[in-house]
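If you're wondering where the values come from, they're calculated on a predicted model, not measured in any experiment.
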Amino acid sequence: MAQQAAASANAPTRRPRIGLRIDLLGIAYLGTIGIVMLAWIAGLVWGAMAFFNWLVA
C-alpha cells in the first residue's frame, strides 16, 4: 500500500497556463525596475557632472 502511494506521488504533472502569465508579469516588473534604476543612476551622474561643471566654472 505504501509503495502505491509513493509511486503515485512521483507522477509528473503539467504546469498550469497561469504560470506563464505570472512569469511574464515578473519579467515585466523586473524590466520596469531596471529602467527606473537606470534613469535614477543617469540622473545622479548628470547631477554630479552639472555640479562639478558649476564648481570649476
Side-chain angles (χ1 to χ4, degrees):
M1 185 65 100
Q3 286 180 340
Q4 288 177 345
S8 65
N10 291 334
T13 58
R14 296 186 69 201
R15 284 184 66 184
R17 293 286 294 170
I18 192 84
L20 181 62
R21 185 181 306 159
I22 293 172
D23 290 343
L24 291 176
L25 190 62
I27 291 170
Y29 284 149
L30 285 176
T32 302
I33 290 170
I35 290 170
V36 169
M37 285 180 60
L38 183 65
W40 181 66
I41 292 170
L44 287 176
V45 170
W46 178 83
M49 290 173 59
F51 173 74
F52 288 119
N53 191 21
W54 171 80
L55 194 63
V56 170

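- With rounding to the nearest 0.5 Å, the separation of CG in L30 from CG in L25 is 10.0 Å.
- The same ILVMFWY cluster, assembled from side-chain heavy atoms under 4.5 Å apart, contains both F52 and W54.
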Derivation of the side chain to side chain contact (heavy atoms under 4.5 Å, CB included) call for I33 and M37: CA-CA 6 Å; I33 290 170; M37 285 180 60; 3.9 Å; yes
